[in-house]
Amino acid sequence: MGEHKCIGILTSGGDCAGLNAVIRAVVYRAVGKYNWKVLGIRQATNGLMSRPPQGIPLDIEKVDSWLTIGGTMLGTTNEGNPFAYPMSDGTLRDRSEEIIEGYHQLGLDALIGIGGDGSLTILRKIAQQGNLNLVGIPKTIDNDVGITERAIGFDTAVNIATEALDRLHFTAASHSRVMILEVMGRDAGHIAISAGIAGGADVILIPEIPYKMTNICAKIKEGQDRGKNYCLIVVAEAVRTEAGEQVIQTNRLGQRRLGGIGQYLADTISDCRGIETRVAVLGHIQRGGTPSPLERVIASAFGVAAVDLIAEGKFDRMVSWQQREVRNVPLEDAISKYRAVEPDDTLVKTARGLGICLGD
Ligand code: F6P
């Protein structure tokens with residue numbers, strides 16, 4: 001690699017708050033410190049598949065105002081695995097070689113990929129195949145990427161879910177109701193447990209801890225016996241029915257998405273306690289909006305560190321947040337060590353210590 005490098009950056013998978021703050025930090029560091037050229041790749045790996053490949057030159061002036069903007073200015077997708085890409089004729093095609101070719105056509109010396117475990121796994125496979133210089137930055141509101149305490153998007157999502165609980169609190173108390181907040185998180189309960197503690201929930205249900213309806217109903221009764229006329233429940237979307245079935249919504253195209261566990265709980269609670277119960281499903285509201293201050297700090301730290309890794313010639317690595325420090329870890333380890341909420345997690349202990357019912 002020569003002195004004057006050209007690096008690419010792309011965002012892949014679901015959007016979230018803080019992505020533009022990462023891109024801004026990458027450009028500040030790459031241009032400001034090393035005088036490199038930065039190309040923003042459009043629509044994740046789709047931009048490298050396109051002909052000509054879609055790389056937008058990014059300079060400090062262009063990204064200056066991006067710190068607080070939600071979503072991703074580069075666009076993204078969580079559809080279309082490049083190894084089995086759905087073509088318009090209905091067939092699936094392996095388009096990984098086109099991506100590798102696109103990287104070379106843009107004259108990239110290295111690529112920064114911002115993604116969750118799924119996207120980072122795909123990007124790594126492509127990089128290995130084409131011998132490309134890849135550095136990963138963890139991103140997902142689910143916070144389930146291995147070996148990092150924080151992924152971009154998580155803190156903002158927790159703030160939004162907490163604010164939702166703060167609001168539901170008043171309606172729950174005013175109407176003497178059970179209010180259920182269904183939050184995202186796919187297979188992990190990180191958002192639910194953090195927001196549940198921060199928002200003063202009475203019950204927090206996460207996929208990692210199986211629950212019994214009798215325990216939830218007993219918790220509501222215990223509150224009523226103490227004179228508390230309402231109950232706040234947070235449930236992660238991937239929590240199953242008591243019988244262990246996934247709750248899925250299927251749209252008319254046959255696509256399946258998690259969702260509906262809140263309503264299942266509401267119906268069952270109404271049966272067991274006869275108390276009025278309502279459900280709010282937060283959905284994509286958790287992904288949008290202005291990044292929280294902590295999000296901006298971590299995004300900035302990750303962006304700077306990722307560029308410095310490239311400068312040091314360290315590839316196939318991911319930046320990681322550990323004990324308020326940015327470290328870097330082998331990408332392979334990060335994607336192979338899925339991070340669920342562990343039974344002895346400090347937040348699980350905290351919730352139990354506060355008397356919050358975790359359903360078990
Ligand atoms: O992985 C992030 C996430 O927001 C999950 O929490 C959620 O299940 C999923 O993405 C939703 O994906 P989509 O944007 O495709 O509906």
Side-chain angles (χ1 to χ4, degrees), residues 10-19 22 43-46 70-72 74-82 85-86 113-123 136-146 148 150-162 164-165 180-196 204-208 234-240 245-264 279-289 291-292 295 298-299 318 334-335 337-341:
L10 60 80
T11 50
S12 182
D15 82 315
C16 63
L19 293 173
V22 178
Q43 301 289 341
T45 44
N46 288 349
T72 164
L74 299 178
T76 188
T77 176
N78 58 2
E79 307 282 336
N81 177 349
Y85 196 86
I114 313 175
D117 57 346
S119 298
L120 291 176
T121 302
I122 290 170
L123 286 171
I137 297 183
K139 164 259 27 151
T140 168
I141 65 165
D142 306 345
N143 210 30
D144 55 1
V145 178
T148 182
R150 299 252 169 202
I152 300 298
F154 174 64
D155 188 66
T156 309
V158 169
N159 284 2
I160 294 167
T162 303
L165 280 172
I180 300 175
L181 179 68
E182 182 179 311
V183 298
M184 279 186 165
R186 207 161 267 173
D187 303 317
H190 295 288
I191 297 176
I193 196 139
S194 288
I204 302 172
L205 301 178
I206 59 175
E208 295 88 342
V234 188
V235 60
E237 61 181 356
V239 168
R240 294 172 176 243
E245 287 151 5
Q246 266 198 329
V247 186
I248 299 276
Q249 308 281 327
T250 307
N251 68 14
R252 62 187 172 81
L253 298 174
Q255 294 164 326
R256 290 153 58 82
R257 301 259 183 279
L258 288 169
I261 183 65
Q263 192 56 52
Y264 162 83
V279 185
V281 180
L282 209 42
H284 293 84
I285 291 167
Q286 292 155 103
R287 295 231 302 252
S292 68
E295 201 80 81
I298 296 173
M318 185 189 83
I335 56 187
K337 292 188 176 133
Y338 178 78
R339 203 172 86 87
V341 177

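Just so you know, ligand 1 is whichever comes first in the structure, and atom 1 is the first atom listed for that ligand. Atoms considered below: every heavy atom in the structure, side chains included; atoms not considered: hydrogens, waters and symmetry mates.
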Distance-only check: which donor-acceptor pairs under 3.5 Å involve side-chain atoms of residues 257-264, not counting sequence neighbours?
from, atom 1, to, atom 2, distance (Å)
Gln263, NE2, Asp267, OD1, 3.0
Tyr264, OH, Glu242, N, 3.1

Worksheet entry | Any Gly185 heavy atom less than 4.0 Å from ligand 1 | yes
Worksheet item: Judged by non-hydrogen atoms, does Gln286 sit under 4.0 Å from ligand 1?
Response: no
Discussion item. Once rounded to the nearest 0.5 Å, what's the spacing between atom CZ of Arg287 and atom CG of Asp15?
Written reply: 5.0 Å
Item to complete: Give the residue and atom name of whichever protein heavy atom lies nearest to atom 11 (C) of ligand 1, and the separation in Å to one decimal.
Response: Arg287 NH1, 3.6 Å
Worksheet, complete the sentence: When distances are taken from atom 9 (C) of ligand 1, the protein heavy atom at minimum range is Arg186 NH2, 3.1 Å
Numbered atoms of ligand 1 (with element) below 4.0 Å of [X], judged on heavy atoms:
| X | answer |
| --- | --- |
| Arg257 | 16 (O) |
| His284 | 13 (P), 14 (O), 16 (O) |
| Glu237 | 5 (C), 6 (O), 7 (C), 8 (O) |
| Asn78 | 12 (O), 13 (P), 14 (O), 15 (O) |

Practice prompt. Could you check which of Ile191, Asp142, Thr76, Thr77 puts a non-hydrogen atom nearest to atom 2 (C) of ligand 1?
Written response: Asp142
Worksheet item: Are any of the side-chain heavy atoms of Met318 and Val145 separated by less than 4.5 Å?
Response: yes
Worksheet item: Any idea which heavy atoms bring Asn159 and Ser292 closest together, and the distance?
Response: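 Of all heavy-atom pairs spanning Asn159 and Ser292, the closest is ND2-CB, 3.1 Å.
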Discussion item. Checking the side chain of Gln286 only, and the main-chain atoms of Ala161 only, is there a donor and an acceptor separated by less than 3.5 Å?
Written reply: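 Not at all, since once roles are kept as given, no pair shorter than 3.5 Å links the two residues.
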Discussion item. Any side-chain to backbone donor/acceptor pair from Thr148 onto Ala151? Under 3.5 Å, distance only.
Written reply: no
Worksheet item: Name the one of Leu205, Leu165, Ile193 that satisfies side-chain contact (heavy atoms from CB on, under 4.5 Å) with Val234?
Response: Leu165
